Amino acid sequence: MDSPPDHFDASGEMRDRLEKLSALRQAGVEPYPPRFSRDHTAAQVRSRVEAEGQVERVTVAGRLLAKRGSGGMTFAPLQDRSGQIQLVAQRDVVGEAAYAGFADLDRGDIVGASGPARKTRRGEPSVWLDSFRLLAKSLRPLPEKWHGLKDVETRYRQRYVDLIVNAESREVFLKRSRIISAVRRLLDADGYIEVETPTLQEIPGGGHARPFSTHHNALQHDLYLRIALELPLKRLIVGGLERVYEIGRNFRNEGIDRTHSPEFTTLECYHAFTDLSGMLDLTERIFTAAAEAAGTELEPEYEGERIDLRPPFQRRSMVDLVAEQTGRRLTGLELAGAYEELVEPGIVQPTFVTDYPVETSPLARRREDDPRFVERSELIIGGREYANAFTELTDPIDQRQRFEDQLAQKSAGFEEAHPFDEDFVRALEYGMPPSGGLGVGIDRLVMLLTGQAAIRDVILFPQLKKEQ
RNA sequence: GCCGGUGUAGCUCAGCGGUAGAGCAGCGGCCUUUUAAGCCGAUGGUCCGGGGUUCGAAUCCCCGCGCCGGCACCA
C-alpha cells in the first residue's frame, strides 16, 4: 500500500522515505498519529534553560530541520511556531533500538520529543531525549539548509515550503497580522464597528476599475466582484451606524505588477460628524500604530529611502504642486493628468495631496469656496498611493448629477467611469449626516513596513498563471 | 499585449557545438558534544516543452509555456 505512485518519484529520495514509511508501519509504528500534547514551545524551553540552567523534563514538538553529529550521539534542531530548540539523542540514554529509530528520521519530519533540558558543552540549550515520537513522516525533501529556497516561483506556488525554510518570510506575514490587529484595535477603541459587506455586487462601485464578472445561476443574473468597499459602508452611515469600518478584499481585473495584485486588501472607514481633516488625522494615527506594531519605529527604510512617518504629514494642494512643475494652474482632468505624470512619482516623504478636481471624484463633496474641486486627499509615499480620504458627498441631487457626468465620461470612451447606482442615490435621499471617509491599501502599508518591494511578498498565495 | 532577462540533480548553481558537472541534501559504511560544511564509497538528470539546423544540440534557430524586470493598463 505504500508503493510509490509514479507522480511521486522525482528524486529517489522520496522512494527512500516511502520505504522507511513502510518499514515503520510493518514495525507497528503509526507514522501519522492523530494527536500529541506538548507542554513547552521551543522558546519556552530556551528561556527556562537560560533562567534555571537545568529543566527537569519537557515535551516539545515541531519539525526536524537537520540532523548532525556522529556515532552514538545525534543533534537535531527542531522548529516550532516559537523558534528552534536542539534535540540531543544519545545511544546510551535512549537505547540501541530507539537510537536507530531516531537516526532514521529525516529532515522535515514532524516529531514530538521529551526529556530533560540543559545546555550542551557548546552552550546550546537542548532537550536531551529520553523518548521521541514521529508525528508526521515527511516524504518530500526540504530545500537545502544553507542556501535555502530562493526560487521565487516555488516560494509563491508552494508557500508552505517557503514558510518552513525562510524565517524572513514568516516574519513578513507575522508582521502583516500584527499590523492589521493594531489597526483594528485603534478603530475599535475609537468606537468604530467592524462590518462585512457584499463581495458579490450588481454594481461594482466605489472606484474606477475593470471588475471581474461572474454569474449567479439561481438568481439568473450577472454579478461583479467588488472593486471597493465604499458604497455599502456609506449606506450604513445613512442607516445611523455613524462609525463603521471593513478590512476586506477587493478585486480588479487589471494588469499585475510589483505593486498591483488582482485581489488586494483595503481598509475603509466612515465616520459621521467629521470631515476630511478628521480623516487625515486618523490616517496619521493608523500609520503610526501600524509602524509600531511592525516594530519599525517611525522611520522605516524603503527602497533606499528613509521614510519619516512621524506626524503630521505634509499637506499640499494638487494645483500648487502642478504649478511648481509646470508654471500653470490647471483644473479638471488636465490637472489630474499632469499631477499623475509629473508630480506624484517624485513625492518621496509622506504627503497628503489635497484638492482633487471634481471630475475624478464622483463620491467626494465639493469645496464650498470652489466647486471645481472636492475635499479629497490622497496620501503619497515613495510615488505611490497609500490612502485616499474625503469629506463625503451627502447631497443626493449633486450625487445624481455626478453619476450622470460619469455616464457621459463613459460614453466619451472612459471605460472605467463610475457606474450609476440608483439605490445609493435613494439612500442619500433619506439623508446622510456630514461624514468623512478613508481608504487605506493594507498590502502596500505592509510592504512599506516590512521592506518588501513586491506585493506578492506580502500576500500568502499570490495569483500566478497556471502551472504547466 | 509589447520589450528584455531567465528556466540544467531535491536545493543552490557552473557548463554555452564534441561522453551532462560541483557543493549541499539523500543512500551505504566508520564515528558519543555538533551549530551550513567529520571521513570513505556508491548513486542521483524528459538540461521547461515541441519542432528544426548539424556527423553531433543543454549549448545555435523557430514555436510554445512558466517566472522575473520594464512598458502599456491601473485617472
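The sequence lines fix the lettering, A, B, ..., with proteins before strands; numbering per chain opens at 1. All values derive from a computational prediction rather than experimental measurement.
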Pair of N/O donor and acceptor under 3.5 Å linking rU33(B) base with Arg121(A) side chain: no
rU19(B) to rC13(B) separation - P atoms, rounded to the nearest Å: 26 Å
Separation of the P atoms in rC3(B) and rA37(B), to the nearest angstrom: 48 Å
Side-chain heavy-atom pair Pro462(A), Ile455(A) within 4.5 angstrom cut-off: no
Separation of atom CE in Met14(A) from atom P in rG10(B), rounded to whole Å: 11 Å
Spacing of the P atoms in rC39(B) and rU6(B) (rounded, Å): 36 Å
Distance, P atom - from rA22(B) to rA9(B), rounded to whole angstrom: 14 Å
Distance below 4.0 Å between Lys67(A) side-chain N/O and rU34(B) OP1 or OP2: no
Assigned partner base of rC71(B), Watson-Crick or wobble definition, under 3.5 Å: rG1(B)
Mutual orientation of the aromatic rings belonging to Phe313(A) and Phe352(A) [parallel < 30°, tilted 30-60°, perpendicular > 60°]: tilted
Counter-base of rG66(B), judged by Watson-Crick or G-U geometry with both distances under 3.5 Å: rU6(B)
Which residue lies more 5' along RNA chain B, comparing Val88(A) with Lys20(A) via nearest heavy atoms: Lys20(A)
Give each protein N/O atom lying under 3.5 Å from an N/O atom of nucleotides 67-69 of chain B, with the pair distance.
residue : atom : partner   : partner atom : Å
rC67(B) : OP1  : Lys465(A) : N            : 2.6
rC67(B) : O4'  : Glu153(A) : OE1          : 2.9
rC68(B) : OP1  : Arg456(A) : NE           : 3.0
rG69(B) : OP1  : Arg456(A) : NH2          : 3.0
rG69(B) : OP2  : Arg456(A) : NH2          : 2.6

Integer-rounded Å distance: rC11(B) P and Tyr160(A) OH: 12 Å
Watson-Crick/G-U partner (both atom distances under 3.5 Å) of rA36(B): none
Pairing partner (Watson-Crick or G-U wobble, both distances under 3.5 angstrom) of rC11(B): rG23(B)
Side-chain heavy atoms of Asp395(A) within contact of Arg365(A), under 4.5 Å: no
Which residue lies more 5' along RNA chain B, comparing Ala417(A) with Lys145(A) via nearest heavy atoms: Lys145(A)
Parallel, tilted or perpendicular: ring planes of Phe403(A) versus Phe420(A), cut at 30 and 60 degrees: tilted
rG17(B) pairs with, by Watson-Crick or G-U criteria that keep both distances under 3.5 Å: none
C1' gap between rG44(B) and rG52(B), integer Å: 31 Å
Arg122(A) vs rU33(B): side-chain N/O to OP1/OP2 distance below 4.0 Å: no
Under 3.5 Å side-chain donor-acceptor pair for Ser169(A) and Asn166(A): no
Near-strand residues of residues 40-64 of chain A, defined as heavy-atom separation under 4.0 angstrom from RNA chain B: none
Pair assignment for rC47(B), Watson-Crick or G-U wobble, requiring both distances under 3.5 Å: none
Options rU33(B), rU35(B), rA36(B), nucleotide nearest the side-chain atoms of Gln86(A): rU35(B)
